[in-house]
Amino acid sequence: MSAIIRFEHVQKAFGAKRVFDDVCLDVVRGETLTIIGASGSGKSVLLKCVIGLLCPDAGQIFVDDVDVARLDERHFRDVRKKVAMVFQSSALFDSLTVAENIAYPLREQLPELTEAQLETRVAQNLAKVNLPGLQKMKPSDLSGGMRKRVGLARAIALEPEVILFDEPTTGLDPISTRVIDDLIVSLKGSTQIVVTHDMDSAFRISDRIAMLADRRIVATGSVAQMRASSQPAVREFFDARED
């Protein structure tokens with residue numbers, strides 16, 4: 001199967017701190033790929049490079065054969081119709097209602113939609129994340145798990161081909177975590193990249209897992225392959241989880 005996203009020899013540093021030396025990774029169209037690694041290893045940085053919030057120092061990142069690492073802000077508009085991100089903090093606008101938050105990307109990218117069409121799209125996407133009828137609420141009225149789901153509803157509003165999840169279950173109780181995992185699984189068919197340190201979630205949702213360590217991708221494989229891996233960085237990571 002063809003790769004929809006390709007990281008080719010990506011390098012990134014913040015001052016003297018080197019985050020990536022030579023990241024190479026293909027993401028297959030339609031798969032759920034989970035990226036694991038220690039805190040501070042650069043997992044979230046990799047996602048932010050895909051959507052243009054950060055720019056790599058060297059290397060290339062292709063989305064459908066377009067090198068987004070070299071795009072200016074104006075040309076990123078088309079990329080952001082294809083690629084959406086669910087942020088760790090949900091990144092909802094506190095001053096807007098739930099409906100206004102979900103409608104925001106629709107207004108930006110599809111100005112031809114009428115108010116009635118916007119209302120319909122908002123309601124449809126709230127239903128997809130099992131939160132019908134919350135249009136008039138504010139983010140401050142919601143639990144952490146509900147905010148995560150509203151963030152997901154906003155991300156899928158434009159029906160993107162690719163969804164990026166940055167630590168989607170961090171800070172959630174086990175029941176809310178399972179709800180988010182089930183929603184991610186329900187979106188299979190789209191391409192998904194999930195950054196997480198929650199291995200129980202990773203095992204539930206992933207088609208493949210990639211391990212980021214030593215400033216590069218050191219291993220990739222199916223859940224079964226990664227669990228059986230003898231690669232030292234993988235074994236150390238998994239063994240620490242079991243201690």
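Since the model is a prediction, treat every value here as computed from it, not as a measurement. Residue numbers start at 1 and run along the sequence shown.
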Can you tell me if [X] has over 12 outside heavy atoms packed within less than 6.0 Å of its [atom1]?
X: F76; atom1: CZ; value: yes
X: D214; atom1: CG; value: no
X: K128; atom1: NZ; value: yes

Stepwise side-chain hydrogen bond (donor to acceptor under 3.5 Å, both in side chains) check, H9 with Q60: CA-CA 7 Å; H9 308 291; Q60 297 171 293; over 6 Å; no

Are any side-chain N or O atoms of [X] and backbone N or O atoms of [Y], one a donor and one an acceptor, separated by less than 3.5 Å?
X: T120; Y: A116; result: yes
X: Q231; Y: A233; result: yes
X: K12; Y: C55; result: yes

In terms of hydrophobic clustering (I, L, V, M, F, W, Y; side-chain heavy atoms under 4.5 Å; direct or indirect links), are [X] and [Y] co-clustered?
X: L126; Y: I184; value: yes
X: F7; Y: V66; value: yes
X: V28; Y: L25; value: no

Connected-component partners of F62 among ILVMFWY, side-chain separation under 4.5 Å: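 Members other than F62 - counting any ILVMFWY side chain reachable under 4.5 Å - there are none.
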
Remaining members of the apolar cluster that contains L110, side-chain heavy atoms under 4.5 Å: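 Besides L110, the hydrophobic cluster comprises L106, L113, L118, L158, listed by chain and residue number.
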
Once rounded to the nearest 0.5 Å, what's the spacing between atom [atom1] of [X] and atom [atom2] of [Y]?
X: Q117; Y: R121; atom1: CD; atom2: CZ; answer: 8.5 Å
X: E167; Y: T169; atom1: CD; atom2: OG1; answer: 7.0 Å
X: I205; Y: L183; atom1: CD1; atom2: CG; answer: 11.5 Å
X: I163; Y: L152; atom1: CD1; atom2: CG; answer: 6.5 Å
X: S222; Y: R227; atom1: OG; atom2: CZ; answer: 10.5 Å
X: T97; Y: K136; atom1: OG1; atom2: NZ; answer: 9.5 Å

Geometric class of the F203/F238 ring pair [parallel <30°, tilted 30-60°, perpendicular >60°]: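 Ring orientation of F238 relative to F203: perpendicular.
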
Counting C-beta onward and ignoring hydrogens, is there a side-chain heavy-atom pair between [X] and [Y] closer than 4.5 Å?
X: L187; Y: Q192; answer: yes
X: F165; Y: V195; answer: no
X: R29; Y: E161; answer: yes
X: D94; Y: K138; answer: no

Salt bridge (Lys or Arg N to Asp or Glu O under 4.0 Å) partner of D64, chosen from K82, K81, R6: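 Of all the options given, the one that passes is K82.
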
With I35, the side chain to side chain contact (heavy atoms under 4.5 Å, CB included) member among V194, T220, L46: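 In the set V194, T220, L46, the residue that makes a side chain to side chain contact (heavy atoms under 4.5 Å, CB included) with I35 is L46.
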
M85 and its side chain to side chain contact (heavy atoms under 4.5 Å, CB included) partner, picked from D166, V162, I193: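 Among the candidates, only D166 passes.
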
Verdict with reasoning, H197 to T170, per side chain to side chain contact (heavy atoms under 4.5 Å, CB included): CA-CA 8 Å; H197 63 270; T170 293; 3.6 Å; yes

Ion pair D182/R204, N-O distance below 4.0 Å: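 No salt bridge links D182 with R204.
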
Donor on one side chain, acceptor on other, S206 and T34, under 3.5 Å: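 There is such a pair (donor and acceptor under 3.5 Å, judged by atom type) between the side chains of S206 and T34.
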
